[in-house]
Structure formats: C-alpha cells, structure tokens
Peer 1: 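The structure's right below; bear with me while I get my questions together.
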Amino acid sequence: MLIVAEKYRMAHVLAKVLKFEKFSWPFFYNEAGDVIAYSQGHLFQPKHLKDDLYTWSDPKPFESLPTELFMLPTVDYTIRVRKRSLSTGYLREHVPMLMQEHDVIVNACDPDKEGERIFYDLFNSAQTSAVVLRLDLSKGITQSLIHAAYDNLFDARKTKAKHYSAQARLCGDLGYALLTSVMTFYGRKGCLHPLLAGYTDKQKSVVSVGRVLIPVLQLIDDQCCLVENVKLKQVHCPYVEGRTESGAKVTFYYDWQRLGLPASALSDPRLAQKYIQQKSLNDEFVIESVINEMHVVSAPDMYDTASMQADMKELSPTETLDVLQSLYEKGLITYPRTDETALPDDDMTSDKLSALFASMDNNLNSVSDRTSKSSRGFLEKHESLIENALPDNSNNQSNDISAAHTALSPTSAQANLSNLTDTEIAVYSKICERFTSALEGEKSVCITTVTGKFTNDKNGMLGEQDAPFSFEKSTYTSNLEKSKSKYIALNEGDIILLDKINVRAEALDIPQYYAENEIPLVMLKVGDQVSDPVVAKLLHETKGLGSASTRDKIVASLLKRDYVEISIIDERRCIIITGKGKAILSTLPNQFKSPVTTAIWEHEFYKIETCNDLELAKQMRDGFIRKIYTQLETYIKFLNKRYGRNVQGVSSGNDTLPSKELIFKVKQLARLKQLELPIQVLNSNSLAEKWLLTNASVMHSSMKEQLEQSGLSTCNNALRDERRIDIRKQAIQGKSSNPPTQAQMLKAIKLSKQSGVRMPEKAKKTASECHVFIDECKKKLTPSDEQINTLKRLAAKHRYPVSKLIYKSRKQTLNLINKLRTK
DNA sequence: GCAAGGTC
C-alpha cells in the first residue's frame with residue numbers, strides 16, 4: 001500500500017501515528033513494506049504549448065483560444081526535508097514510480113478540490129490501474145482522528161469528481177490570463193485609458209482581468225464611492241452630566257434621533273451652544289421614564305477562515321492564515337482553510353464535546369502565565385454548556401457538511417502550549433472562546449433606557465416641545481426582575497443634580513473604507529451586496545469569491561498593479577481605489593466586474609462534483625471550459641475590431657462626451673499654460689483625459705515634498721493619478737499614521753548624519769513625524785535669519801560679493817562670517 | 001518578459 005500526502009509535514013505526522021517507523025530517504029516505510037510518500041503542493045500546471053502563437057505583441061491569434069491544454073511540470077525548486085535538500089522534480093518523478101509499484105494507493109492529500117488535483121495529477125502521470133482509496137482528514141489531524149480516518153478509508157472515486165471541477169476552474173482561469181495579454185497590449189498602446197497607457201514597469205503596466213481580482217476591485221470601488229459621498233460625518237448635541245440622589249454619576253444625551261430631527265440640521269455646533277446657553281446647572285432635571293426591555297442576542301457562528309482574518313485586527317490576512325496553518329500542523333485546530341461555520345452533527349456528542357473542553361482547559365491553563373485571567377473566563381462556562389449545545393434534531397436541515405470541512409475549531413489534542421508564540425496563543429484562545437460562545441446558544445439581554453428632561457424646557461433645540469435626554473445600558477441576564485433591581489436605582493420623578501451642561505460632537509454611523517483584514521470576509525459574503533435574491537442565495541451557497549486559501553492574495557495583486565492603495569486611517573489599514581483602478585473598471589464590460597460570473601462557475605462546479613458518473617463529470621468539465629473560452633473569444637474579437645486597425649492610441653467607436661468637470665479642467669489648464677485646445681478634445685472623453693495627462697504640469701518639487709509626509713509613494717506614476725494625489729492629501733489632513741516610505745527614511749538618515757541630530761523613535765514610525773524631523777534637520781543645515789543678516793551686514797561692510805547659494809548652507813554661511821570678521 | 005487562481 002502507498003499513502004500519498006500533500007506535503008512532507010503531513011506525511012511525517014501520518015508516519016508517526018500509523019507507525020511507519022522506517023525512514024528511507026525521502027519516504028516513510030513500515031514493517032509490511034507499505035510506504036508513505038508526499039507531494040509538494042502542485043507539481044503540474046496547465047499550458048497551451050503555443051508560446052509562439054499567443055504572444056504579448058499580437059492580439060489577433062487570441063481570437064481562437066487553445067483547444068488543447070496539457071498538464072506540464074511546474075518549475076522545479078528545492079525544499080528542506082530533514083536537513084537535506086529535496087527537489088520537487090524528484091517527487092514528480094518518484095511518487096508516480098511508487099504508484100506503479102503498488103496495487104493499493106491511498107490519497108491522503110488535503111480534503112479539498114486542490115488536494116484532489118495534487119493527487120490525480122501525480123496519479124495520471126503514473127498511468128496505473130491501481131485501486132485508489134481516500135483518507136479524509138478534514139476533521140483535524142490528532143492521533144485519534146487519523147486512526148478513525150484510516151479505519152474508514154473509502155473508495156476514492158467518491159471524491160474524484162472534485163479533480164475534474166478543479167481542472168475546469170484551472171483552465172477557465174487560464175483563459176482570463178490569456179485575455180489579460182490582449183488587454184495589456186491595447187492598454188499599453190493607449191487605446192483603453194490614459195492611466196493604463198505606456199509601460200515603464202512590466203508588472204505595474206499589466207492590465208489584469210481576473211475572474212476574482214476585478215469583481216473585488218469593483219466591490220472596493222463601490223465602498224469608496226459610498227464613503228466619499230458622505231458629506232456629514234458628525235452632529236453637535238447637548239449633553240448633561242449629573243448625580244442621582246444616591247450619588248451615582250450619570251450622563252444624558254440629547255435624544256435627537258427619537259425626536260426625528262434631521263442630522264443635517266444639527267451639523268452646526270452653534271445650535272446646540274445656543275440651547276445650552278439658556279440652561280443653568282440650577283435648572284430642574286427630572287427622570288421621565290425608566291424602561292427595561294428584554295432582547296435576544298443570537299449566538300455567534302464558529303469561525304471560518306475569513307471571519308478569523310477579519311477579527312485579527314493586528315495581523316494581516318496572510319499573517320493570520322500562517323498562524324492558523326502552524327496551529328493545524330501542531331494538531332491543535334481543524335483544517336485552517338474553511339468557509340464552514342459549524343461542526344457536523346456527528347461531532348456534537350457529549351463525549352466528544354467533553355473531550356474538547358477538557359483539552360481546551362488543559363491547553364490554555366498550560367500557558368496561564370501568558371494569557372490574562374479574563375481572556376480565559378469563558379472556560380468556566382464549559383460545565384453547564386454541553387447539554388445546551390447538543391443538536392436539536394427537530395430542526396434538521398440535512399446540511400451534508402460531513403464531507404466538507406468543518407468550522408475552525410479546537411481539536412481534542414492535549415498539549416503544553418508554552419512553545420507557541422504569543423500570536424499563536426492569542427489565535428488559539430480566540431478560536432476556543434468563539435467555539436464556546438457558539439455552543440452557548442442565544443443570550444438574553446436587558447436594555448434599560450433612562451429618559452430625563454429639564455422641567456422648564458418648552459422649546460428644545462429646534463422648537464420641539466418635548467426635549468428628552470436619554471442613555472442606554474445593556475445587561476446580559478435571563479431574569480428581567482433581577483436585572484431591574486440590579487441596575488442603578490433610578491425611578492420616574494427622581495431629580496438629577498447637574499454638574500455639567502455641554503455640547504459634544506457625536507460621530508454619525510457612516511460607511512468606512514474596507515480595512516485590509518476585512519477583504520476576505522467581504523469576498524466570502526459578497527452575496528450580501530447583490531440585490532437579486534436568486535443570485536445572492538447562489539453566492540452564499542458557493543461561498544462568495546475566491547477560496548479560503550487565496551483571498552488574502554487578492555489585495556496583494558491589486559496593490560502590485562497599483563489598482564488600490566493602503567492608507568492608515570484611524571489605525572485601520574484602509575483599502576482605497578486609485579484612478580488607475582477606476583480606469584480598468586471603466587473599460588471592462590459588466591460580465592468581468594460582477595461576482596455573478598463566479599457564482600455561475602461555482603454552480604457548474606457543484607454539478608461536476610456531485611456527478612456520480614465520472615465519465616459524465618469529465619464531459620461536463622470539457623463543456624464548461626469550451627463555453628468560457630467562447631465567451632472570452634467573443635470579447636477578444638470585439639477588442640480587435642474596435643482597436644485593432646488603429647493601435648496608435650486614437651480610439652474610435654462609441655466614445656462618450658467628456659463630463660462638465662473634465663471640460664472645465666481641460667479649459668482651465670489650457671488657459672493657465674496658454675495652450676491651443678484642439679476641438680476634438682472637447683468632444684471625446686478619452687481624448688480629453690489624455691490631453692489633460694500629457695499637458696499636466698510637472699509637479700513642483702516642493703509640492704512633492706509636501707506629499708511625502710503622507711507616507712505614500714511619491715513616484716511620478718503615483719502623482720500622475722489625481723486620485724492618488726487626493727489620497728495623499730487626505731492622509732496628511734487626517735493625520736494618518738502611515739509609516740515613512742523607504743525613500744523618506746533614507747533621506748532622514750542622511751540628513752540626521754549631516755546635521756548631527758539623532759532621529760527620535762517616533763520619526764521612524766510615522767511619515768508625518770519623519771517629515772517633522774526632516775524639517776528640523778534642514779533648519780539646522782540652513783542659516784538662521786540672524787546669521788543671514790550678520791553675513792549681509794559684514795558683506796556690505798567689506799563690499800564682498802556673496803553668492804545666493806551660500807545662504808542655503810549654514811556651514812558655508814558661518815565660515816564666511818568668520819572669514820569676513822577676521823578681515 | 002510580463003498573464004489567472006490556487007498552493008507551499
């Protein structure tokens with residue numbers, strides 16, 4: 001028997017548990033001569049073998065996309081296994097050789113689409129008719145789970161259709177790569193949009209059309225538009241602070257929302273100020289009502305990968321995934337790449353849950369010196385929890401997730417965690433805590449609303465007769481009566497002794513830019529943003545865009561192409577679309593920008609995966625690829641027809657008229673620089689944009705220096721893009737905490753040496769502080785006003801001609817002063 | 001020499 005794992009680490013774990021004690025380079029063996037071998041991720045990739053036909057210099061041949069694709073070896077690289085080098089080429093050659101030698105082969109690759117692909121790419125290259133069995137480790141890789149899976153090996157044909165759906169996905173996406181070639185060609189020629197034209201950087205100048213990438217960019221654009229269209233961000237309202245008769249401090253806020261006052265009316269602080277001027281601390285303020293209401297808060301779902309990434313605010317999605325992978329390999333948590341938020345029912349037994357809780361207690365207590373007591377507080381709930389958590393069979397949705405992954409959850413492995421990093425412990429305990437809360441079920445919460453008002457108030461802020469102030473407090477409880485008495489003793493008619501009447505700015509609940517760590521979750525939940533309920537349902541079922549393992553890479557790709565930028569606002573790493581990002585969206589038809597495309601694909605994949613007839617599944621795969629390629633060919637033919645004849649950059653066809661703002665900008669620039677304005681420019685959107693770019697002023701170096709304090713790149717490419725300039729101005733205005741750019745740091749270090757001023761730590765942390773420091777150094781290096789005057793006086797006295805350049809250097813100014821003084 | 005997404 002031959003067992004094939006996805007990579008060495010997994011093979012090593014399997015060997016240990018299944019007692020394959022002999023290691024003969026580079027695989028594991030047992031007494032009976034069975035072998036555990038492994039792959040190293042994907043060792044094959046699809047290719048069309050027509051590199052001379054599909055080139056970057058001619059888009060014409062792309063009108064017929066390849067009809068035949070081949071799985072070819074990936075580029076070899078070496079990994080370290082037991083302190084020795086091992087080439088992926090060796091694995092690609094020897095694992096199939098082992099497959100030929102064995103009658104029974106066990107597929108122990110990861111339990112997902114890609115795992116099936118990794119296995120069958122090797123298996124297909126072996127060309128053997130051996131029996132294949134599946135080892136399913138989706139529930140985790142503890143000793144007992146491995147034994148259980150090993151005892152329950154099943155016919156691998158049950159999951160093989162996933163291999164066909166993986167291939168369909170792979171080849172479909174390859175088609176998008178080919179379209180990207182065509183788009184890049186026309187983009188560089190200037191046919192698509194000025195911001196996409198030309199290429200100084202081979203990577204940045206690629207006009208990407210990814211099935212996942214572009215819809216995500218569209219989502220980011222939508223959010224940016226929402227954020228940037230908000231005019232009113234805060235209102236100004238009165239509040240009062242005071243004490244109850246028993247001495248408890250309370251604060252009441254003017255309840256403008258209950259009164260239905262429009263936020264726009266409260267944007268000016270003078271209104272609130274005028275109101276409080278009429279009030280005095282001696283005025284009578286009386287409690288009007290105390291209302292307790294019970295609400296039910298449903299339990300949170302268990303973590304999927306994306307929610308975990310969103311919750312780890314101090315880590316990037318990639319860092320979070322790395323930590324999860326490490327915890328998985330240590331056996332502490334289930335498979336880390338998952339979109340599921342529940343456990344299969346057969347794991348929800350009191351025995352299994354008891355074991356889980358016992359491990360959690362043990363594991364977290366083993367590092368009690370490194371976690372806070374409150375962070376372990378949830379452990380106390382365990383005893384009462386199990387009964388509550390057991391599945392309610394009356395509500396059986398027959399969700400067959402036993403074959404799929406489970407939610408991110410702890411395993412019953414008991415371990416001493418002291419070797420874990422602090423981040424690993426933090427992530428592990430967060431998973432345990434969420435797991436517990438999810439099992440806890442819904443909670444009751446008592447919301448107490450206390451309303452009070454000035455007895456003599458007749459006009460309110462805007463003439464309203466009733467002018468209530470209020471505050472809210474929520475308490476988790478299951479007993480309404482108990483919580484009533486527990487809460488601050490306040491009753492209707494009580495008088496509050498006022499200490500303070502003032503105005504405060506109240507932030508309105510307005511949309512925010514997406515933070516970097518939220519993007520995976522936005523991709524997963526993309527169905528929420530689709531209005532068509534059928535499509536929304538499909539997108540929810542197919543788990544949105546991308547996969548749990550790849551969502552973190554999308555932002556990286558968008559950044560690589562300069563389609564988005566990250567700017568830190570209020571300590572959030574905000575993702576903001578650039579002008580270039582908007583440009584690519586403006587050139588593409590909806591089909592490429594909509595998440596619906598992925599939903600349709602996933603729907604087809606589901607049909608392939610659930611097809612019991614493998615021959616039929618294979619045919620469906622081929623049909624799918626052909627269908628996608630035909631769609632892409634249609635678009636490529638359209639591009640060639642529209643731009644093919646004239647690739648010099650002047651587009652013809654259905655160009656739109658420029659907007660009023662654009663015409664204004666063009667005219668303004670023409671006046672400013674006294675340029676002649678060709679009439680065509682005012683009649684074509686693309687010509688107007690292009691004219692604006694080619695004639696735009698070179699940015700003044702002092703302006704460039706100003707923008708440097710934003711901490712964002714000030715390369716010429718960035719400053720060509722008006723939105724990117726805006727992003728920089730916003731960052732400076734909003735006192736962003738962006739770190740200094742590399743260029744800025746180098747400058748600071750150089751000036752620090754020249755001026756002899758030590759760079760403070762804070763200057764290394766943020767661009768704005770770094771900018772302050774650079775200014776300080778520069779001042780040290782230039783003469784003071786007093787020194788300049790002294791030199792001028794001396795020079796006049798001695799009739800000594802002074803070059804203006806001297807005044808730029810403090811050193812030279814001082815030298816000259818000394819020289820003239822000794823004269 | 002640059003391409004997509006998914007892995008590692």
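A quick note: this is a predicted structure, and the numbers were derived from the prediction, not measured. Throughout, protein chains are lettered first and strands after them, A, B, ... in sequence-line order, and every chain is numbered starting at 1.
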Peer 1: Could you tell me how far apart A:W56 (CH2) and B:dA3 (P) are, to the nearest whole angstrom?
Peer 2: 6 Å

Peer 1: Going by distance alone, is a donor N or O of one side chain under 3.5 Å from an acceptor N or O of the other, for A:R551 and A:Q309?
Peer 2: no

Peer 1: At 4.0 Å (heavy atoms only), tell me whether A:Q40 reaches a base, stays on the sugar-phosphate, or touches nothing.
Peer 2: base

Peer 1: How long is the line joining CG of A:L588 and P of B:dA3, in whole Å?
Peer 2: 17 Å

Peer 1: Does NZ or CZ of A:R211 fall inside the cone over A:F592's six-membered ring, less than 6.0 Å from its centre and within 45° of the axis?
Peer 2: no

Peer 1: Would you say A:T550 places a side-chain N or O within less than 4.0 Å of OP1 or OP2 belonging to B:dG6?
Peer 2: yes

Peer 1: Do any side-chain nitrogens or oxygens of A:R561 fall under 4.0 Å of OP1 or OP2 in B:dA4?
Peer 2: yes

Peer 1: For the pair made of CD in A:E602 and C1' in B:dG5, what is the distance, rounded to whole Å?
Peer 2: 12 Å

Peer 1: A:F592 has an atom CZ; how far is it from atom C1' of B:dG5, in whole Å?
Peer 2: 16 Å

Peer 1: Look at all strands and tell whether A:E6 reaches a base, only sugar-phosphate, or nothing, counting heavy atoms closer than 4.0 Å.
Peer 2: sugar-phosphate

Peer 1: From OH of A:Y328 over to P of B:dC8, roughly how many Å is that when rounded to an integer?
Peer 2: 10 Å

Peer 1: For A:T74 and A:V212, take the nucleotide of DNA chain B holding the closest heavy atom to each; which residue's nucleotide lies nearer the 5' end?
Peer 2: A:V212

Peer 1: Compare the minimum distances between each of B:dA4, B:dG6, B:dC8 and the side chain of A:T180, then state the nucleotide with the smallest one.
Peer 2: B:dA4

Peer 1: Is the gap between the ring centers of A:F27 and A:Y38 under 6.0 Å?
Peer 2: yes

Peer 1: Return the value, rounded to whole Å, for the distance between atom CD1 of A:I519 and atom C1' of B:dG5.
Peer 2: 17 Å

Peer 1: Using the closest heavy atom to pick a nucleotide of DNA chain B for each, name whichever of A:Q325 or A:G210 lands nearer the 5' end.
Peer 2: A:G210

Peer 1: Side chain of A:K202, heavy atoms from C-beta onward: which of B:dA3, B:dG5, B:dG1 has the nearest atom to it?
Peer 2: B:dG1

Peer 1: Does A:R723 form a salt bridge (Lys or Arg N to Asp or Glu O under 4.0 Å) with A:E565? I'd like the steps, not just the answer.
Peer 2: CA-CA 10 Å; A:R723 266 192 71 82; A:E565 288 197 304; over 6 Å; no

Peer 1: Side chain of A:I554 only, heavy atoms from C-beta on: which candidate in B:dA4, B:dG1, B:dG5 is closest?
Peer 2: B:dG5

Peer 1: Scan A:Y54 against the nucleic acid and name what it touches under 4.0 Å (heavy atoms): base, sugar-phosphate only, or nothing.
Peer 2: nothing

Peer 1: Contact class for A:L213 vs. all strands (heavy atom < 4.0 Å): base, sugar-phosphate, or nothing?
Peer 2: sugar-phosphate

Peer 1: Output yes when at least one side-chain N/O atom of A:R337 is less than 4.0 Å from OP1 or OP2 of B:dC8, else no.
Peer 2: yes

Peer 1: Between atom CG in A:D51 and atom C1' in B:dA3, what is the gap in whole Å?
Peer 2: 11 Å

Peer 1: Ring centroid separation for A:F185 and A:Y643, is it under 6.0 angstrom?
Peer 2: no

Peer 1: Write down the distance between CZ (A:R80) and C1' (B:dC8), rounded to a whole number of angstrom.
Peer 2: 17 Å

Peer 1: Using a cut-off of 4.0 Å on non-hydrogen atoms, how would the nucleic acid contact of A:S208 be classed: base, sugar-phosphate, or nothing?
Peer 2: sugar-phosphate

Peer 1: Apply salt bridge (charged side-chain N to carboxylate O under 4.0 Å, His left out) to A:R561 and list each qualifying residue two or more places apart in sequence or on a separate chain.
Peer 2: none

Peer 1: What nucleotide among B:dG6, B:dC8, B:dA3 has an atom nearest to a side-chain atom of A:V206?
Peer 2: B:dA3

Peer 1: Heavy atoms only, 4.0 Å cut-off, all strands: where does A:R188 land among base, sugar-phosphate and nothing?
Peer 2: base

Peer 1: Go through B:dG5, B:dC8, B:dA3 for me and flag the one nearest to the A:R211 side chain.
Peer 2: B:dG5

